[in-house]
Amino acid sequence: MRRLTPCAHSPDNTTLYDGRSGYAGRNITQFETHTGMTSRNAVRVLLLAVVGMPILQAVLFWVSGLLTAMGDESAAGVLRHIGTAAAVLWLAGIVGLVVAVAVRVLQDDSSQGPPHEQQ
């Protein structure tokens, strides 16, 4: 997490600056009103996890087989256990993604109001 400091060039010291151009010019109130992870961000993170975990599992399985072929059974066993943990996290990510998408859809439906009747 970056440390944000008031910008010296701001007349009322409400503009934050972190030493890079990324946060220059943004107001403190924009950061104070941030409520945490939104459902959109949660879906994005969970989607990346659900897509990335099988890739991690494949790499772990491959390296485990390589270590077995080299005669290092103990390290291969450790990687197989890590692969099992990755599979459990992948399943939890799928469940979380389904729940997060459902929450997102319900939020979108409630913001639109009741459907209009067609004549």
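FYI, side chains are in, hydrogens and waters are out, and symmetry mates aren't considered; it's all heavy atoms of this structure.
Between L60 and Q57 the shortest side-chain heavy-atom distance does not fall below 4.5 Å. Side-chain contact check for L67 versus R80: every heavy-atom pair is 4.5 Å or farther apart.
By the rule that hydrophobic residues join a cluster once side-chain heavy atoms approach within less than 4.5 Å of another member, M70 and I82 end up as members of one cluster. Taking hydrophobic clusters as Ile, Leu, Val, Met, Phe, Trp and Tyr residues chained together by side-chain heavy-atom distances below 4.5 Å, F61 does not share a cluster with V78. No chain of hydrophobic side-chain contacts below 4.5 Å, direct or via other Ile, Leu, Val, Met, Phe, Trp or Tyr residues, connects V88 to V59. Both W62 and M53 are assigned to one and the same hydrophobic cluster, defined by single-linkage of ILVMFWY side chains at heavy-atom distances under 4.5 Å.
Summarising the geometry of V43 relative to V101, their closest heavy-atom pair is CG2-N, 4.1 Å, with the distance given to 0.1 Å. The heavy-atom pair separating S64 from A76 by the smallest distance is OG-O, 3.3 Å. Nearest heavy atoms, L46 versus L97: CD1-N, 3.6 Å. Of all heavy-atom pairs between W90 and A49, the closest is CD1-O, 4.4 Å.
Taking CG from L47 and CD1 from I94, the interatomic distance works out to 11.0 Å, rounded to the nearest 0.5 Å.
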